[in-house]
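Take a look at the structure set out below.
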Amino acid sequence: MENLSTLMGKYGEEGDKLLFKILNSGNYLEGMQDQQPGSNNNGNPVSGIASRIPDLTSFTRHISEKGLRYDLTVPFARFVVQHQNELVFPFKRYQIQPVWRADRPQKGRYREFFQCDVDVIGSPSLLYELELIQIIDDVFSRLGIETTTVFNNRKILAGIAEAIGAPEKLTDITVAIDKLDKTGLEKVCLELNERGLSDSAIAALQPVLLMEGRISDKITILEKLFQNSETGNKGIAELKQLLGLIKDLSLSNKWNFDVRLARGLNYYTGTIIEVKANDVSMGSICGGGRYDDLTGIFGLPGVSGVGISFGADRIYDVMNELNKFPDTILHTTKVLFANFGTEEEKFSLKLLSDIRKEGIASEIYPDSSKLKKQLEYASRKQIPFVVLIGKDEMENGLLTVKDLASGEQSRMSREEFISKLKK
RNA sequence: GUGGUCGUAGCUCAGCUGGUUAGAGCGUCAGAUUGUGGCUCUGAAGGCCGUGGGUUCGAGUCCCAUCUUCCACCCCA
């Protein structure tokens with residue numbers, strides 16, 4: 001949970017709408033009855049409780065001051081500022097926690113989901129971008145998911161807007177060109193027009209929209225475009241440096257540079273990264289980028305950070321779809337002690353505790369149900385051994401051990417059984 | 001936020017242009033087998049047909065509202 005003031009305005013226009021707001025505690029409507037009936041933002045009269053409030057925006061602010069975290073990066077920046085005197089910079093941290101978005105759930109989209117964040121704050125060095133890229137590659141290699149990582153740089157996007165004479169239209173341009181592979185060139189140009197971009201600016205944008213092929217070719221086109229754009233050239237320089245570093249890594253997953261990658265979170269200022277799983281229709285399963293001045297908003301200017309976030313739930317969905325979870329994940333218990341009654345239970349519990357001390361996962365059936373039922377339980381849970389201890393076994397001290405895979409049953413001493421399990 | 005969609009047994013679903021007692025498979029429970037799982041057979045339990053209203057002699061079925069599910073867009077993990 002965070003103060004809404006911490007969260008608002010950090011995620012773009014859409015982001016604010018997607019924040020879950022929490023109602024204040026206590027009698028937050030106190031004093032409201034004296035308010036005059038009013039109107040909403042459009043000047044239309046409003047009724048009900050809202051009519052007692054001068055305007056709805058201030059009403060919302062009045063009843064809700066806290067919200068659920070939308071991501072882990074912004075609260076992290078807040079944390080870094082609050083603890084700036086105790087931290088050693090560059091400060092690294094990872095964090096795995098749920099975040100919430102007030103969105104309509106659908107495939108691969110949840111109202112509550114876990115993010116796994118890795119961030120380094122306090123250095124502008126591109127070496128950290130490189131390390132994060134290595135982490136991404138390592139994580140997905142180990143999980144057995146084939147991915148494609150796409151990079152871009154916000155400075156390049158800003159440079160494009162600058163170069164075509166519409167620097168204030170940066171967001172509109174990025175949102176539109178992001179749709180290029182979905183809707184096609186014509187519709188994108190139409191949308192740009194609707195968003196108030198001049199015909200000449202759209203014409204100047206054409207080479208970027210039509211960009212294809214090798215990275216070096218793309219860079220050449222951009223360099224030509226950026227002749228008078230300082231920001232754009234800085235972006236190109238960063239990109240080149242990063243690409244130079246990546247080339248020596250020999251990553252096992254695919255990667256590419258794509259000017260169409262936009263990313264809506266508006267705190268990004270440099271490198272932006274997005275990872276998608278190949279052969280699965282799912283949104284991005286990991287994303288991130290560099291934010292030069294996120295801490296500045298909270299009172300610590302001039303500190304650059306870079307971070308990525310893995311979407312745990314989507315990664316789970318992808319692994320499920322691709323059958324990447326090993327079957328052995330279901331094999332938990334090695335030994336089940338059948339339960340024949342109170343006396344036998346006591347006897348078994350001692351043994352159970354001894355076997356657990358040997359590091360062998362084991363359990364006892366919770367009540368003295370029919371043996372048929374207990375064996376069925378073991379069978380369905382794929383427990384390999386069931387130990388049967390009844391009157392006979394208690395008297396002669398030997399255990400009856402049933403091997404569920406073969407169905408064979410034999411008597412052995414406690415020590416024999418343990419060494420059998422440890423093989 | 002916009003558009004669409006779904007809701008019937010624990011689960012997956014069938015139920016025709018409204019018509020008597022709402023079905024199947026799986027699962028659960030009991031038995032065949034009183035200390036022996038998987039396979040088989042026999043039987044049983046289990047339903048305010050999402051909720052509220054309406055039309056009708058009669059509603060799981062038609063109409064309205066509402067909630068929920070899932071999907072697409074927007075956007076994103």
Side-chain angles (χ1 to χ4, degrees), chain A residues 10-19 69-73 95-118 136 139-140 145 147 171-172 174-176 178-179 182-183 187 191 195 261-268 272-277 280-289 307-318 336-341 344 365 368-394 399-411:
Chain A
K10 311 296 188 299
Y11 305 107
E13 216 176 300
E14 289 298 316
D16 281 358
K17 290 183 198 161
L18 295 175
L19 286 170
R69 71 175 97 83
Y70 180 93
D71 71 355
L72 301 180
T73 311
Q95 184 176 357
I96 299 173
Q97 273 185 315
V99 300
W100 294 268
R101 294 183 188 177
D103 209 349
R104 292 222 187 146
Q106 55 180 282
K107 191 189 177 192
R109 168 174 302 178
Y110 304 97
R111 285 202 192 115
E112 175 180 0
F113 59 96
F114 272 80
Q115 286 195 330
C116 315
D117 266 44
V118 190
I136 291 170
V139 163
F140 290 118
I145 304 174
T147 58
T171 318
D172 297 287
T174 52
V175 168
D178 187 41
K179 290 178 194 161
K182 281 186 200 162
T183 60
K187 284 193 176 172
E191 187 175 337
R195 285 173 179 266
L261 176 63
R263 298 195 60 76
L265 304 179
N266 60 6
Y267 49 72
Y268 290 126
I272 44 183
I273 304 171
E274 192 165 286
V275 185
K276 283 188 176 183
V280 182
S281 85
M282 179 77 61
S284 58
I285 52 176
C286 178
I308 50 169
S309 181
F310 294 88
D313 303 73
R314 280 189 180 174
I315 292 170
Y316 173 89
D317 288 342
V318 166
L336 174 74
F337 285 85
N339 189 327
F340 285 102
E344 292 89 341
Y365 200 80
S368 56
S369 307
K370 289 205 281 188
L371 189 57
K372 176 186 164 75
K373 202 175 170 185
Q374 301 191 33
L375 284 170
E376 195 179 315
Y377 169 80
S379 177
R380 292 188 62 179
K381 278 194 72 172
Q382 307 196 48
I383 297 172
F385 298 106
V386 175
V387 177
L388 305 165
I389 299 170
K391 282 200 180 71
D392 292 355
E393 287 84 356
M394 275 165 53
L399 316 176
T400 298
V401 176
K402 187 177 172 78
D403 180 329
L404 284 229
S406 65
E408 279 168 20
Q409 203 163 299
S410 53
R411 295 215 159 180

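Bear in mind the structure is a predicted one, so any value in this text is a computation, not a measurement. Numbered from 1 within each chain, the chains take letters A, B, ... in sequence-line order.
Here the separation of B:rC71 from B:rU61, taken at their P atoms, is 26 Å to the nearest Å. Comparing the C1' positions of B:rU33 and B:rA24 gives an interatomic distance of 29 Å, to the nearest angstrom. For the P atoms, the distance linking B:rC49 with B:rG53 amounts to 13 Å, nearest Å. Spacing between B:rC29 and B:rC67 at atom P, rounded to whole Å, works out to 39 Å. Separation of the P atoms belonging to B:rA59 and B:rU51 is 15 Å when rounded to the nearest angstrom. On the P atoms, B:rG10 is 15 Å away from B:rU28, given to the nearest whole Å. Taking the C1' atoms as reference points, B:rA65 lies 16 Å from B:rG7, given to the whole Å. As rounded to the nearest Å, B:rU69 and B:rG27 have P atoms that lie 29 Å from one another.
Within the nucleic acid shown, A:C116 has no heavy atom closer than 4.0 Å to any nucleic acid atom. Residue contacts for A:G15: at a heavy-atom cut-off of 4.0 Å it reaches no nucleic acid atom on any strand shown. Nucleic acid contact for A:K381: none, since no nucleic acid atom lies under 4.0 Å from a heavy atom of the residue. Across all strands shown, A:I285 has heavy atoms under 4.0 Å from sugar-phosphate atoms exclusively, and none from any base. Heavy atoms of A:F310 sit nowhere under 4.0 angstrom from any nucleic acid atom. Residue A:G390 is in base contact, counting any heavy-atom pair closer than 4.0 Å across all strands shown. Base engagement by A:E393 is indicated by at least one non-hydrogen atom pair under 4.0 Å involving a base atom.
Taking atom CG of residue A:L336 and atom P of nucleotide B:rG35, one finds them 17 Å apart after rounding to whole Å. Atom pair A:I273:CD1 and B:rC76:P shows a separation of 16 Å (rounding to whole Å applied). Protein atom CD1 of A:I136 is 12 Å distant from nucleotide atom P of B:rA77, rounded to whole Å. The CG atom of A:D172 sits 15 Å away from the P atom of B:rC74 (whole-angstrom rounding). For A:D403 and B:rG38, the CG to C1' distance is 14 Å, given to the nearest whole Å. One can place CD of A:E14 at 11 Å from P of B:rC74, the figure rounded to the nearest angstrom. For the pair A:L261 CG and B:rC76 C1', the computed distance is 12 Å after rounding to whole Å. As rounded to whole Å, 19 Å separates atom P of B:rA77 from atom CZ of A:R111.
Residue A:R380 has a polar side-chain atom (N or O) positioned under 4.0 Å from OP1 or OP2 of B:rU28.
Relative to the side chain of A:L404, the nucleotides B:rC75, B:rG37, B:rC76 differ in distance, and B:rG37 lies closest. Closest contact between the side chain of A:E376 and the listed nucleotides B:rU28, B:rC76, B:rG35 involves B:rU28. Side chain of A:K402, nearest nucleotide from B:rC71, B:rU36, B:rA77: B:rU36. Listed candidates were B:rG35, B:rC76, B:rG37. Nearest to the side chain of A:R101 is B:rC76.
Legend: residues meeting salt bridge (charged side-chain N to carboxylate O under 4.0 Å, His left out) with A:K391, ordered by chain and number and at least two apart, are absent. Under the side chain to side chain donor-acceptor pair (under 3.5 Å) criterion, A:E376 pairs with no residue at all, not counting sequence neighbours. Checked against salt bridge (charged side-chain N to carboxylate O under 4.0 Å, His left out), A:K381 has the following partners two or more places apart in sequence or in another chain: A:E363. By the side-chain contact (heavy atoms from CB on, under 4.5 Å) test, A:Y110 pairs with A:F113, A:D313, A:D317, sequence neighbours left out. Residues satisfying the side-chain contact (heavy atoms from CB on, under 4.5 Å) criterion with A:E274, sequence neighbours excluded, are A:L261, A:R263, A:K276, A:S284. Listed by chain and residue number, A:L330, A:H331 satisfy the side-chain contact (heavy atoms from CB on, under 4.5 Å) test with A:Q382 (two or more places apart in sequence, or in another chain). When the side chain to side chain donor-acceptor pair (under 3.5 Å) test is applied to A:D172, the partners found at least two apart in sequence or on another chain are A:R195. Considering only residues two or more places apart in sequence or on other chains, A:D392 meets the side-chain contact (heavy atoms from CB on, under 4.5 Å) condition with A:R411. Listed by chain and residue number, nothing satisfies the side chain to side chain donor-acceptor pair (under 3.5 Å) test with A:R69 (two or more places apart in sequence, or in another chain).
No side-chain heavy atom of A:K179 sits less than 4.5 Å from a side-chain heavy atom of A:K187. You'll find the side chain of A:L371 reaches within 4.5 Å of the side chain of A:L388, heavy atoms only. For the pair A:R111/A:W100, no side-chain contact is recorded, criterion being any heavy-atom separation below 4.5 Å from C-beta on. For the pair A:L404/A:L375, a side-chain contact is recorded, criterion being any heavy-atom separation below 4.5 Å from C-beta on.
In terms of polar N and O atoms assigned as donor or acceptor, the side chain of A:Q409 comes within less than 3.5 Å of the base of B:rU36 in a complementary pairing.
The aromatic rings of A:F140 and A:F310 sit tilted relative to each other, their planes meeting at an angle between 30° and 60°.
Each of A:L375 and A:V175 has a nearest nucleotide on RNA chain B; the 5'-most of these lies closest to A:L375.
Stem analysis of RNA chain B (Watson-Crick or G-U pairs, both distances under 3.5 Å, runs of at least three) returns B:1-4 with B:70-73, B:10-13 with B:23-26, B:28-32 with B:40-44, B:50-54 with B:62-66.
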All N/O contacts under 3.5 Å from nucleotides 30-32 of chain B to the protein, with atom names and distances to one decimal?
unit_1: B:rG31; atom_1: OP2; unit_2: A:K370; atom_2: NZ; d: 2.4

Each nucleotide of nucleotides 1-7 of chain B classed B (base within 4.0 Å of a protein heavy atom), S (only sugar-phosphate) or -, in 5' to 3' order, makes BBB----
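Remark: ring of A:F113 overlaps the six-membered base ring of B:rA77 in a stacked fashion, centroids less than 5.5 Å apart, planes less than 30° apart.
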